[in-house]
Amino acid sequence: MRALRFERFGGPEVLSVTEVADPVAGDGLAVVAVKAGSVNPSDVKNIAGAMEDTVLPRVPGRDFAGVVLAGPDEWLGAEVWGTGGDLGFTLDGSHAERLALPVGALARKPETLDFAEAATVGVNFVVGWLGAIETAVLTAGETVAVFGVSGGVGTAVAQIARAVGARPVLGVDRHAPADGTAAAEIIDEFVPIDADTDVAAEIRRITGGRGADVVYDAVGGVTTPSAVASLAHRGRLVVISAVGTSTVEIDLTDFYHREARMLGADSRKLDATASAERLRRITPLFARGEFTPLPIERTFDLGHGPDAYDAVSQRKVRGRVVIQP
C-alpha cells in the first residue's frame, strides 16, 4: 500500500509517499481502509520532533475515517472513525491507504457525516470532551470562557458547552470565529486578544464581576495569565497546550484566595481504544445534529500529502485540512 512516511524529524520535506507492506489483521487487530484523515497541528509537531515518544520510521496521522476490511465478522464493511494518542507516534497512523487497529478501537461513524467530515472530529472533540466534561466537570448553568474559540478544539468545546447547558459561553481569540461556523453561532460574547483589551477585565464585566466558572484554554502559555485572572471564585482552568512559552508567572496570593484550580488534560494519554470510548459517547450528538463537524478548507490526495502538511505548518488555511488516499 501507499503511505506517507518519515524517517527523520523536520519540516514537511521529511515526508515521502512510499510503498509499504499492507497491515495484517492479527490477533485482536482489525484493518481499516482509510477514506480520509485530517492533518492536525500536533501531526505537524510530530514530524518536527516536538512531541514525545515518537518511534521512527513512522506513518503519521491521528484522525481517520474509513471502512473495516479485515477483523471480526461483525465489523466487516462497517464505516468507522477514530483517533488516538498512539496513532502516528508509537503506531503507524492514518495517512496511508490502510490502518491496523485494536478491535477495541473501532467505533461506528455517524451516518450523518461523510468520511471527510468524520475525519475532522477526533482530536478536537476528544480533547474537548476530556477537558470540559471529564476534567473540569462543566455543568449546566455554569459560565465558560473558551480561549482559542476560533480553532478546532475551541469550536468543539463551544459545542460541548452548549450541549451540557453552560451559559453564557464566552469566546476568546485573536480573531472572531468565521461567520456560519458552529462557534460563531454558539458563543454569547466574543472577547478579542489584542493590545487594547484586558481580557480578564472584560470577562469579569460580562459576568457581572464574577469571572468564569470554567476557563478552557486551548492555547496556553501566552494566554495563561489572562486565563487564570478570568476565573471566578473556585473556578477551574483547563490547560491542554503551551504556545509561545512553557513557563508563566501568576499571582499565587490571588490564586489561592480565589481557591482556583488549574487542571491539565492531555489527549496523548488516550490511545486509540480509549479515544474510541469517547467517540461512542458523542456519536448520538452528531447523529441528532447537536454537534457539527469542523469546516474543511482544503482536501489533498495522498500523493500530495507533504503539501497538506505544509499548508497546516505555514498556517495557510483556517479550516481543516484533509488527506484522502
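The first residue in the sequence is number 1, and the count goes up from there.
- Between Y216 and F147, the distance separating the two ring centers is not shorter than 6.0 angstrom.
- One finds no salt bridge joining E277 and R280 here, because no Lys/Arg side-chain nitrogen approaches an Asp/Glu carboxylate oxygen to under 4.0 Å.
- Remark: F300 engages no residue in a ring-ring contact (aromatic ring centres under 6.0 Å, His included) (not counting sequence neighbours).
- With hydrogens and angles ignored, the 3.5 Å screen pairs no side-chain donor or acceptor of D213 with any backbone N or O of G235.
- Between E7 and R58, no side-chain nitrogen of the basic residue sits less than 4.0 Å from a carboxylate oxygen of the acidic one, so the salt-bridge criterion is not met.
- Rounded to the nearest 0.5 Å, atoms CD1 (I250) and CZ (F255) are 5.0 Å apart.
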Worked check of side-chain hydrogen bond (donor to acceptor under 3.5 Å, both in side chains) between S42 and R62
CA-CA 9 Å; S42 58; R62 299 177 70 176; 2.9 Å; yes
Worked verdict on I206 versus L170 for side-chain contact (heavy atoms from CB on, under 4.5 Å):
CA-CA 9 Å; I206 294 170; L170 311 178; 3.8 Å; yes
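- A 4.5 Å side-chain heavy-atom check between F286 and V121 finds at least one atom pair inside the cut-off.
- Counting heavy atoms from C-beta on, the side chains of L270 and V126 come closer than 4.5 Å.
- Residues L29 and V24 form no side-chain contact, since every pair of their non-hydrogen atoms from C-beta on lies 4.5 Å or further apart.
- The backbone N or O of D310 lies less than 3.5 Å from a partner atom in the side chain of S313, making a donor-acceptor pair.
- Annotation: side chain of V214 is not in contact with side chain of T143 (no heavy-atom distance under 4.5 Å).
- At least one donor-acceptor pair under 3.5 Å links the side chain of E97 to the backbone N or O of R2.
- Between H95 and Y309, the gap from one ring centroid to the other is short of 6.0 Å.
- Judged as a side-chain hydrogen bond (donor to acceptor under 3.5 Å, both in side chains), and not counting sequence neighbours, N124 has no contacts.
- By the 4.5 Å heavy-atom criterion applied to side chains, R5 and V20 are counted as neighbours.
- The salt bridge (Lys or Arg N to Asp or Glu O under 4.0 Å) test applied to E259 returns R234, not counting sequence neighbours.
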